[in-house]
Visitor: 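Would you mind keeping the following structure in view while I ask a few things?
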Amino acid sequence: MGCGKKHDTGNCVCDILREILDAQEDVVTMECETSCEQSINDLLGEMAPTGKDTVPVLLYCKGNCKPFKGFGAPRGDVGDVMGSFYFRVKDVDKDCCATLELLRDEGDNNDNPDNPVEQKTGNLRTTGICITVDLDCFCHVTCLPAIDAFS
């Protein structure tokens with residue numbers, strides 16, 4: 001799998017996230033079993049509509065290659081800060097800055113998991129909590145199978 005079919009910024013992570021964003025926008029306004037390319041194809045429902053709207057992604061920081069965890073709090077409840085390793089791409093600008101929304105399983109009571117395996121993923125949903133990241137800080141992206149994150 002290449003870094004991206006439609007975009008060529010010279011930043012592989014940026015190109016993939018832009019491609020995911022394009023696919024998600026098509027759904028919401030329109031070889032491997034698990035890969036970014038397969039997740040995008042599943043999201044677009046090449047054969048039939050799938051009802052899926054999100055490709056959850058994990059990002060890995062340059063240098064230490066550790067999974068990135070974002071933090072935020074729901075609007076109106078700054079006392080309820082939570083972390084997540086899983087994100088929905090909301091936007092990627094021309095400078096490869098991305099707006100990512102934290103995805104969380106509503107049944108997960110662990111607000112600060114130590115690693116992605118500790119975070120529940122069986123029912124990932126949007127949180128409304130968004131962060132902005134510089135995609136030049138990442139060296140790797142992992143895509144989970146496409147899901148319906150708005151139900």
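Values reported hereafter were calculated over all heavy atoms of this structure, with side chains retained and with hydrogens, waters and symmetry mates removed.
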Visitor: With a 3.5 Å distance limit and no angle check, can you tell me whether Arg18 reaches the backbone of Asp93 through a side-chain donor-acceptor pair?
Guide: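 It does hold such a pair.
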
Visitor: With a 4.5 Å cut-off on side-chain heavy-atom distances among I, L, V, M, F, W and Y, is there a chain of contacts connecting Phe85 to Tyr60?
Guide: yes

Visitor: Any sub-3.5 Å donor-acceptor pair from Arg75's side-chain atoms to Gly128's backbone N or O?
Guide: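 Checking the backbone N and O of Gly128 against the side chain of Arg75, no donor-acceptor pair under 3.5 Å is found.
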
Visitor: Distance from Leu44 atom CG to Asp22 atom CG, nearest 0.5 Å?
Guide: 9.5 Å

Visitor: Are the side chains of Asp42 and Val55 in contact, using a 4.5 Å heavy-atom criterion?
Guide: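 The answer is no, as the side chains (C-beta and beyond) never meet within the 4.5 Å cut-off.
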
Visitor: Treating Tyr86 as the side-chain partner and Pro116 as the backbone partner, does any N or O pair qualify as donor plus acceptor under 3.5 Å?
Guide: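 Checking the backbone N and O of Pro116 against the side chain of Tyr86, a donor-acceptor pair under 3.5 Å is found.
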
Visitor: Measure the spacing between CD of Glu106 and CG of Leu124 and express it to the nearest 0.5 Å.
Guide: 10.0 Å

Visitor: For Cys96 and Cys14, is the interatomic SG distance under 2.5 angstrom?
Guide: yes

Visitor: Testing Asp111, Asn112, Ile129 one by one against Phe71 for a side chain to side chain contact (heavy atoms under 4.5 Å, CB included), which residue passes?
Guide: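 Among the candidates, only Asn112 passes.
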
Visitor: Between Lys90 and Glu101, is there a salt bridge with N-O shorter than 4.0 Å?
Guide: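 Salt bridge present between Glu101 and Lys90.
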
Visitor: Can you check whether Asp148 reaches Thr54 side chain to side chain, under 4.5 Å on heavy atoms?
Guide: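 No - every pair of side-chain heavy atoms lies 4.5 Å or more apart.
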
Visitor: Verify the cluster assignment for Leu58 and Leu21: are they in a single hydrophobic cluster under the rule of side-chain heavy atoms below 4.5 Å apart?
Guide: no

Visitor: Would you say Asn110 and Glu118 make side-chain contact, with heavy atoms under 4.5 Å?
Guide: yes

Visitor: Between Ile131 and Thr99, is any pair of side-chain heavy atoms under 4.5 Å apart?
Guide: no

Visitor: Calculate, to the nearest 0.5 Å, the distance between atoms CD and OG belonging to Glu19 and Ser39 respectively.
Guide: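 Nearest 0.5 Å value for the CD-OG distance: 11.5 Å.
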
Visitor: What pair of heavy atoms forms the shortest contact from Leu103 to Ala149, and how long is it?
Guide: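 So the two residues come closest at CD2-CB, 4.2 Å.
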
Visitor: Check whether the side chains of Ser84 and Gln119 place a donor and an acceptor atom closer than 3.5 Å, and report yes or no.
Guide: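 Gln119 and Ser84 do have a side-chain donor-acceptor pair below 3.5 Å.
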
Visitor: Which residue, Leu100, Asp95, Val92, Val141, forms the side chain to side chain contact (heavy atoms under 4.5 Å, CB included) with Leu135?
Guide: Val92

Visitor: Using modelled atom types and a 3.5 Å cut-off, is there a donor and acceptor pairing between side-chain atoms of Thr126 and backbone atoms of Phe150?
Guide: no

Visitor: State, to 0.1 Å, how close Gly122 and Asp105 come at their nearest heavy-atom pair, and which atoms those are.
Guide: N-OD2, 3.6 Å

Visitor: Report the distance from atom CD1 of Ile147 to atom CZ of Arg125, rounding to the nearest 0.5 Å.
Guide: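 That separation rounds to 6.5 Å.
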
Visitor: Dump the intermediate steps for side chain to side chain contact (heavy atoms under 4.5 Å, CB included) on Cys139 and Cys65, then the final yes or no.
Guide: CA-CA 7 Å; Cys139 65; Cys65 208; 3.8 Å; yes

Visitor: Does Arg104 reach the main-chain N or O of Lys120 with its side chain, forming a donor-acceptor pair under 3.5 Å?
Guide: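 Side chain of Arg104 to backbone of Lys120: no pair is present.
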
Visitor: Any chance you could lay out the ring pair (Phe, Tyr, Trp, His ring centres under 6.0 Å) test for Phe68 and Phe138, step after step, and finish with the verdict?
Guide: CA-CA 9 Å; Phe68 172 75; Phe138 300 101; 5.2 Å; yes

Visitor: Contact between Leu59 and His140 at the side-chain level, heavy atoms closer than 4.5 Å - yes or no?
Guide: no

Visitor: Check the surroundings of atom CG in Asn109: do more than 12 heavy atoms from other residues, nucleotides or ligands lie under 6.0 Å from it?
Guide: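 No.
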
Visitor: Are the side chains of Pro56 and Phe87 in contact, using a 4.5 Å heavy-atom criterion?
Guide: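 Side-chain contact under 4.5 Å: no.
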
Visitor: Does Val57 reach the side chain of Thr142, with side-chain heavy atoms less than 4.5 Å apart?
Guide: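 Result no, sub-4.5 Å side-chain heavy-atom pair not found.
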
Visitor: Can you give me the closest heavy-atom contact between Pro113 and Lys69, atom names plus distance?
Guide: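 Smallest heavy-atom distance, with atoms named: O-NZ, 2.6 Å.
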
Visitor: Is the SG of Cys36 found under 2.5 Å away from the SG of Cys143?
Guide: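 With an SG-SG separation under 2.5 Å, Cys143 and Cys36 do form a disulfide.
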
Visitor: Does anything in residues 88-125 form a ring-ring contact (aromatic ring centres under 6.0 Å, His included)? List the pairs, not counting sequence neighbours.
Guide: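 Those involving residues 88-125 do not exist here.
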
Visitor: For the residue pair Ile40 and Ile20, establish whether any side-chain heavy-atom pair is separated by less than 4.5 Å.
Guide: yes

